[in-house]
2 protein chains.
Amino acid sequence: MPEKSEKNGRLNVIASLRKLISEGVYAPGERLKELHVAERLQVSRMPVRLAFRTLEQEGLLQKTGTRGYVVRQFSEEDVLCAVEVRGALEGLAARRLAEQGVTEEVGAQLRDCLSRGEALLEKGHLVKADIEVWATLNQEFHRAIVGATGSRVIHDAIARNDHLPFASADSIIIDDAVLDREYGKLRMAHAQHQLVFQALSRGEGARAEMLMREHAYIGLRYGTLFGLGEVGRASETT
Amino acid sequence: MPEKSEKNGRLNVIASLRKLISEGVYAPGERLKELHVAERLQVSRMPVRLAFRTLEQEGLLQKTGTRGYVVRQFSEEDVLCAVEVRGALEGLAARRLAEQGVTEEVGAQLRDCLSRGEALLEKGHLVKADIEVWATLNQEFHRAIVGATGSRVIHDAIARNDHLPFASADSIIIDDAVLDREYGKLRMAHAQHQLVFQALSRGEGARAEMLMREHAYIGLRYGTLFGLGEVGRASETT
DNA sequence: TCGTTATTCTTTGGATCCAAAGTAAAGGTT
DNA sequence: AACCTTTACTTTGGATCCAAAGAATAACGA
């Protein structure tokens, strides 16, 4: 059973359910029954119902025509679309930020991310733990940009579209081949980050947008969207 | 009190609450109490709680730091961002559609929209009822494009970002000046639709995208996002 | 034996109840 | 008189109960 919140001893049903789905406990296409989930999480049906609503909005669950919810299936096509949506929105954020100018604080934050990325690269190779480090770093870089636009509307739009159930790095086997590929991806992503930062600093909005949109594809290009093989299994997505 | 569903006699709490907010019954910034809304809509607190969750996801409500929800305030800046987000996403849809090719069925649907738009224009002026006609027509055109991409991911992304509480046409005073401006807007929008359709038919993806992005601004350019003066009153949006 | 109908069971949606957390107010103390 | 503490009340979150809608199954008729 999932761990409860430290603060009030309450279970975050939404997070738990999201985790169960991304772990594949509830498989894509599977019908989800309130009572079943409730018993599994040791809560009553009520919080589960709330969670279903939220996860439906996130796109993780899907209302069946008749009744109840099923776990949404994502095709490779869906993943591509999600990537493009993300690219479009983050590109928008980048353009806005470039046009409104990067503050000293945000600039420092981005530079910090870049230098930490540099440090990772200088090692010449990756170990498993580095993948998580990079993931955090990457997230920080992107969040800084989106956050710096100051537009909650854009921020929310991105957040709302960021719930595709990709497995996290620790749920798949990381062998040397994977680490090699990840290193290559990291090199490329880092270079792209540098370019984006450059464009942002120079106030080149259109260029920043274009670079960010291209950057969004990196996970696909390097075939290291963890778990893609799993989520891509679905042939039908409607 | 709002009308109940014909089918099962049940009230759509989400739609009702959304309406109440867009009508200004619950003003931006106002704290929303479950019990109060429940009594107003003649339902128990439960469906209201569900609705709060959904509307929070939609961005209409906002969780306060401590407890409860407040009606979200939208600044003019927010509206601009929402428009750009919409443009970015619909632009994406247009590009995809152009690249994958417009089917005969979708082509016919779009042509139908265009000819109906033409008919409206030929009258040389608008009456109040035409505004609603155009709104429907416009919606149909955009939906056809987004729907034709076949990507639910993109469709949902757009739908999720389409909940800003603009007042509908019938909630403001429509005088001759407004009708004139609307006629001008309609001319322009129709022309843009024609161009988008042309680009789509020719498979010119990048052009279709660019045109669609520009088209998104039309409501702002013509200052006829009904109710913008209202929602724009908020100075702070965080 | 197959199809149709009726009955039962499953599952969801809504209402009410209870507990916990947070807020406001009142009273006491310095 | 001002500030702190304690108490009462407001409001939300969770649990349970009840009703209604759907699905499955069984029984009856052709």
Side-chain angles (χ1 to χ4, degrees), chain A residues 1-21 25-73 238, chain B residues 1-21 25-72:
Chain A
M1 57 194 130
E3 64 284 352
K4 299 182 178 182
S5 156
E6 301 295 325
K7 234 178 56 200
N8 53 10
R10 264 180 204 163
L11 179 70
N12 186 340
V13 176
I14 297 175
S16 304
L17 186 50
R18 202 186 282 134
K19 191 148 167 273
L20 285 177
I21 291 171
V25 175
Y26 292 108
E30 185 175 345
R31 165 95 178 271
L32 231 50
K33 288 168 199 163
E34 289 180 359
L35 197 61
H36 187 254
V37 176
E39 280 170 357
R40 190 172 212 318
L41 296 178
Q42 301 279 344
V43 292
S44 80
R45 279 176 49 217
M46 191 54 49
V48 175
R49 275 162 69 182
L50 271 320
F52 278 11
R53 284 289 184 109
T54 301
L55 294 184
E56 184 203 359
Q57 295 275 329
E58 289 182 2
L60 224 67
L61 296 183
Q62 205 169 350
K63 249 209 167 81
T64 62
T66 56
R67 177 166 54 156
Y69 292 89
V70 296
V71 178
R72 173 95 172 267
Q73 295 186 320
T238 315
Chain B
M1 57 195 130
E3 64 283 351
K4 300 182 178 183
S5 156
E6 301 294 327
K7 233 178 55 203
N8 53 11
R10 265 183 203 160
L11 179 70
N12 186 339
V13 176
I14 296 176
S16 305
L17 185 50
R18 202 186 284 134
K19 191 147 166 273
L20 285 177
I21 291 171
V25 175
Y26 293 109
E30 185 174 346
R31 165 96 178 271
L32 231 50
K33 288 168 198 163
E34 290 181 359
L35 197 61
H36 186 253
V37 176
E39 280 170 358
R40 189 181 177 83
L41 295 178
Q42 301 278 344
V43 291
S44 80
R45 279 176 49 217
M46 190 54 49
V48 175
R49 276 161 70 181
L50 271 319
F52 278 10
R53 285 287 184 109
T54 301
L55 294 184
E56 185 203 359
Q57 295 275 329
E58 288 181 3
L60 225 66
L61 296 184
Q62 205 169 349
K63 249 207 166 84
T64 62
T66 56
R67 178 168 53 157
Y69 292 89
V70 297
V71 178
R72 173 95 171 269

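In this text, all values refer to a predicted model and were calculated from it rather than measured experimentally. A, B, ... follow the sequence lines: proteins, then strands. Residue 1 opens every chain. Computed from heavy atoms alone, side chains included, the values below leave out hydrogens, waters and symmetry copies.
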Out of [options], whichever nucleotide has its closest atom nearest the side chain of [X]:
X	options	value
B/R31	C/dT12, D/dT11, C/dT16	D/dT11
B/S44	D/dT16, C/dT16, C/dG13	C/dT16
B/E34	C/dG14, D/dG13, C/dT12	D/dG13

Between [atom2] of [N] and [atom1] of [X], the distance in whole Å:
X	N	atom1	atom2	result
B/R53	C/dG14	CZ	P	16 Å
B/H36	D/dT11	NE2	P	10 Å
B/E56	D/dT12	CD	P	14 Å
A/L50	D/dG13	CG	P	8 Å
B/E39	D/dT11	CD	C1'	13 Å
A/L41	D/dA15	CG	C1'	15 Å
A/L61	C/dT12	CG	C1'	15 Å
B/L32	D/dT12	CG	P	9 Å

> Got a donor-acceptor pair under 3.5 Å from the side chain of B/R67 to the base of D/dG13?
Replying inline: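 Absent.
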>> I'd like to know if B/R49 reaches the base of D/dG14 with its side chain such that a donor and an acceptor end up less than 3.5 angstrom apart.
In response: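 Flag set: donor-acceptor pair detected.
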>> Can you tell me how far apart NZ (A/K33) and OH (A/Y26) are? Round to the nearest 0.5 Å.
In response: 10.5 Å
> Counting only N and O atoms by type, is there a donor-acceptor contact under 3.5 Å from the side chain of A/R72 to the main-chain atoms of A/G59?
Replying inline: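 The answer is yes, because a donor-acceptor pair under 3.5 Å joins these two groups.
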> Given side chains that start at C-beta, do those of B/L50 and A/L50 come closer than 4.5 Å, heavy atoms only?
Replying inline: yes
> Just wondering, do B/V70 and B/L61 contact through their side chains at under 4.5 Å, heavy atoms?
Replying inline: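 No; the side chains remain at least 4.5 Å from each other.
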> Does the pair A/R53 and A/Y69 meet the rule for a side-chain contact (heavy atoms from CB on, under 4.5 Å), with working shown?
Replying inline: CA-CA 10 Å; A/R53 284 289 184 109; A/Y69 292 89; 4.0 Å; yes
>> Return whichever of B/V13 or B/R45 has its heavy-atom-nearest nucleotide of DNA chain C closer to the 5' end.
In response: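 Closest to the 5' end, via its nearest nucleotide, is B/V13.
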>> Go nucleotide by nucleotide along DNA chain D from the 5' end; which of B/M46 and B/K33 gets its closest nucleotide reached first?
In response: B/K33
